[in-house]
Amino acid sequence: MAALGCSGRVGVSLLRRGPPLGSGPRRHRHPHKDKWATTAPRIPSTRLALHHFDTNYSLQLKDLWPSVRASLLCEQKYGALLNNFTPIDHIAQELELLNATDFVSEASKKVQQLQQGAAVEESRRRESRSQEESGGSRTVVQSETMTQAELSPQLHTSITSNIKCYTFPRGDITRFRPAWPDTLGLLSYYLMDAASVLPVLALNVQPDDFVLDLCAAPGGKTLALLQTGICGHLAANDVSISRTKRLYQVLSSYVPREIRETVRITSYDGRDWGELEGGTFHKVLVDVPCTTDRHSVMEGENNIFHKRRTKERQMLPMLQLQLLMAGILATKPGGEVVYSTCSLSPLQNEFVIERAVDVAETQYNINIQVEDLSYFRTLFQDTFSFFSECRLGELVLPHLTANFGPMYFCKLRRM
Ligand code: SAM
C-alpha cells in the first residue's frame, strides 16, 4: 500500500492511471448474426464475486467457508431497531408475543449475571482462604466462575445503551412485517442487518459526546446513534449526494423535526475531514465502502465485481485507509474511532487497521491503541456467530441459524 502524502490522502495519483495499452474489448463473432459483437460473453458479476470469495475466503475461513458461503446465498435475517421517538411499549410487547427478543437488553442482563456471579465467587474464595488460614482444612473446589478481577475489564461497564433491537431466535426465520407510522407519522422500527448495531454499541456513546458518522448514508447507523438519545452533537456525512438524500428520508421518517434539525448533515469527501475539523470529536464511526459481500453474491445491480469496476474494487483498501485516517485525525486525543465493513476480507479489515496504526504513528506521531472487543463475543453469542480467529477487532460470520453479517468492527483509541 502506498504511503500517505502530507495532505493526509494516500497516493491518489495511482487512481488516475488510464487502462493499459491494448486492453480494449475483444471482438467475438455473434453466433447467429453475421456481425461482430464488441464485448466478450459476460460472466455475471455475482458469479465473479463468488469465484473471488471461493478463492480467498476458503483459505481464510477454512472449514467454515462452505457454511458461510451457503448462508451468504440464503435469505438474510433482519433486526427491528425500535424507534424511541415513537411510543414503543406496545410494539415491544407485540414483538415479544411473536417470540422476538431485544438482544441489547439481553446482553445487559448477561453482564449483570456475570457480575453477580463474580461477586459470589469472590466471597466464596475469600471464605475458603480464611478457613485455611484459621487452621481448617481447605476444600479445593474447582470453579469455572470468574472473580471480579478475572472478568474482562470491559464487562464491568455494562451495555447501558438505550438502543433496542429485536431479532427472532436462532433458526427462526420469521420475517418482521413492515413498520407502520404512529399518529405523528413516524415509523415504529427500522429493519436492518442486526449486526449493524454492534459497531454503534462498540462506539459506546456517552452523554454530551460530539459524534461524527463519516460515511453515514443511507443512515441505519446514524439512526441507531440517535436512538441512544445522548449525543451532544451529531454530524452525519456522506460523499454521495443521492445517498445523502436517502439519509434525509430515513431521518424524516423516524426522527422528530426538532431532533432532526440538530443533526449536521454534509456531503464532503470524508478523506478531507481530518484537515477540515481535526481533533474535534469524542467518537467517530467510520463505516467504509467495501465489497459488501452479501450484496455482491446476490445482486447484479450496483455490483462492485462488475468488470468495469475492477480498478475501483482494487483501490478499496486504499480508500478505506484514507477514510480511517481522516476519522482518527477528526478525533480528540483520548477519543475513540470504530471502523466497520460488511466484508469478510482481511485486506479490508485487519490490514487496514494495522496500516492505519502504523501511518498514525510514523506520519502523525499519534499513538493508537486497538481496544479489546472480545467481550462482545461473550455478550452476543446467542444472537450472532463470531469468527474466533480475528486478529484485531471482531467479525460476525453469516450462519444458517443466525444469518446476519458479515460485519467487521474494530475500535481504536487515540492516545
Ligand atoms: N453507515 C451507513 C449505514 O449504516 O447506513 C452505510 C455506509 S456504506 C457502507 C458506505 C458509504 O460510504 C456509502 O454511502 C458511500 O457513499 C460512502 N462513501 C464512499 N466514499 C466516501 C468518501 N470518500 N467520503 C465519505 N463517504 C464516502
Side-chain angles (χ1 to χ4, degrees), residues 4 7-10 12 15 76 78-79 81 163 165 190-203 205 211-228 234-251 253-255 263-277 283-296 299 302-304 309 311-313 315-330 337-345 348-349 352 396 404-410:
L4 276 175
S7 72
R9 293 254 188 113
V10 186
V12 267
L15 283 167
Q76 94 178 98
Y78 282 88
L81 175 72
I163 295 173
C165 187
Y190 182 79
L191 294 180
M192 66 197 296
D193 186 330
S196 292
V197 172
L198 299 177
V200 179
L201 291 175
L203 203 57
V205 174
V211 183
L212 167 64
D213 189 354
L214 193 63
C215 306
K221 297 186 189 70
T222 314
L223 185 61
L225 284 165
L226 282 169
Q227 296 305 318
T228 63
L234 177 60
N237 175 71
D238 198 287
V239 75
S240 156
I241 306 274
S242 59
R243 285 173 69 92
T244 307
K245 280 189 190 143
R246 285 174 61 198
L247 171 67
Y248 273 109
Q249 279 161 8
V250 167
L251 295 191
S253 304
Y254 287 88
V255 183
V263 183
R264 183 173 150 222
I265 300 179
T266 51
S267 286
Y268 299 133
D269 186 327
R271 290 175 289 183
D272 298 331
W273 200 289
E275 283 169 33
L276 293 173
E277 280 172 55
K283 305 280 159 71
V284 179
L285 181 62
V286 186
D287 186 36
V288 292
C290 66
T291 44
T292 52
D293 296 357
R294 191 182 282 277
H295 179 92
S296 292
E299 308 283 338
N302 192 24
N303 193 312
I304 189 93
R309 296 183 70 187
K311 193 137 234 162
E312 182 191 345
R313 177 165 56 79
M315 293 307 290
L316 273 175
M318 187 77 87
L319 173 61
Q320 292 161 341
L321 172 62
Q322 291 171 322
L323 286 165
L324 178 53
M325 281 313 302
I328 290 172
L329 295 176
V337 178
V338 170
Y339 172 84
S340 56
T341 75
C342 49
S343 169
L344 297 163
S345 160
Q348 298 174 60
N349 298 338
V352 172
V396 173
F404 303 106
M407 180 58 56
Y408 173 79
F409 54 105
C410 185

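Quantities reported herein were computed from a predicted structural model and do not represent experimental measurements. We count ligands from 1, going down the list as the structure has it; atoms in each ligand are counted the same way. Nothing fancy with the numbering, it's 1 onward along the sequence.
Taken from OG1 in Thr291 to CD1 in Ile304, the straight-line distance is 8.0 Å, to the nearest 0.5 Å. To the nearest 0.5 angstrom, Asp269 atom CG is 8.0 Å from Leu319 atom CG. Here the CZ-CG distance, from Arg264 to Leu234, works out to 10.5 Å after rounding to the nearest 0.5 Å.
Nearest protein heavy-atom contact of atom 23 (N) of ligand 1 is Asp269 OD1, 2.9 Å. Shortest contact from atom 19 (C) of ligand 1 to any protein heavy atom: Pro289 CG, 3.5 Å. Counting only heavy atoms of the protein, atom 21 (C) of ligand 1 lies nearest to Val239 CG1, 3.3 Å.
For ligand 1, the atoms lying closer than 4.0 Å to a non-hydrogen atom of Gly270 are 22 (C), 23 (N), 24 (N), 25 (C). Near Asp287, meaning under 4.0 Å from one of its heavy atoms, ligand 1 places the atoms 1 (N), 2 (C), 3 (C), 4 (O), 6 (C), 7 (C), 9 (C), 10 (C). Residue Ser240 approaches ligand 1 through these ligand atoms, each under 4.0 Å from one of its heavy atoms: 16 (O). The ligand atoms of ligand 1 that sit less than 4.0 angstrom from a heavy atom of Pro218 are 5 (O). Within the listing of ligand 1, atoms 3 (C), 5 (O) sit less than 4.0 angstrom from a heavy atom of Gly219.
Taking only nitrogen or oxygen atoms, main chain and side chain alike, Asn237 does not reach within less than 3.5 Å of ligand 1. Annotation: Leu319 places no N or O atom under 3.5 Å from an N or O atom of ligand 1; distance criterion only. At a 3.5 angstrom cut-off on N or O pairs, Val288 does not count as close to ligand 1.
The closest side-chain heavy-atom distance from Thr292 to Asn302 is not below 4.5 Å. Contact check for Leu247 versus Arg243: no side-chain heavy atoms found under the 4.5 Å cut-off. Looking at heavy atoms from C-beta onward, Arg271 lies in side-chain contact with Leu323 at the 4.5 angstrom threshold.
In terms of modelled atom types and a separation under 3.5 Å, the side chain of Ser267 and the main chain of Val239 share no donor-acceptor contact. Gln320 places a side-chain N or O within 3.5 Å of a backbone atom of Pro289 that can act as its donor or acceptor partner.
The closest non-hydrogen atom to atom 2 (C) of ligand 1, taken over Ser267, Ala217, Pro199, Ser343, comes from Ala217. Of the candidates Asp238, Thr292, Leu214, it is Asp238 that places a heavy atom closest to atom 17 (C) of ligand 1. Remark: among candidates Cys215, Ala326, Ser242, the nearest residue to atom 12 (O) of ligand 1 is Cys215, based on non-hydrogen atoms.
Neither the backbone nor the side chain of Cys342 comes within contact range of ligand 1; no heavy atom lies under 4.0 Å. At a heavy-atom cutoff of 4.0 Å, ligand 1 is contacted by the side chain of Arg243 but not by its backbone. When non-hydrogen atoms are compared, ligand 1 lies under 4.0 Å from the side chain of Leu323 (C-beta onward) but not from its backbone.
Using a non-hydrogen distance threshold of 4.0 Å, Ser196 does not register as a contact of ligand 1.
Side-chain atoms of Arg313 and Asn303 include no donor-acceptor pair closer than 3.5 Å.
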(request) Take Val255 and Val263 through the side chain to side chain contact (heavy atoms under 4.5 Å, CB included) test and state the conclusion after the steps. (result) CA-CA 10 Å; Val255 183; Val263 183; 6.0 Å; no
(request) Decide yes or no on side chain to side chain contact (heavy atoms under 4.5 Å, CB included) for Val211 and Leu285, but give the supporting numbers first. (result) CA-CA 8 Å; Val211 183; Leu285 181 62; 5.8 Å; no
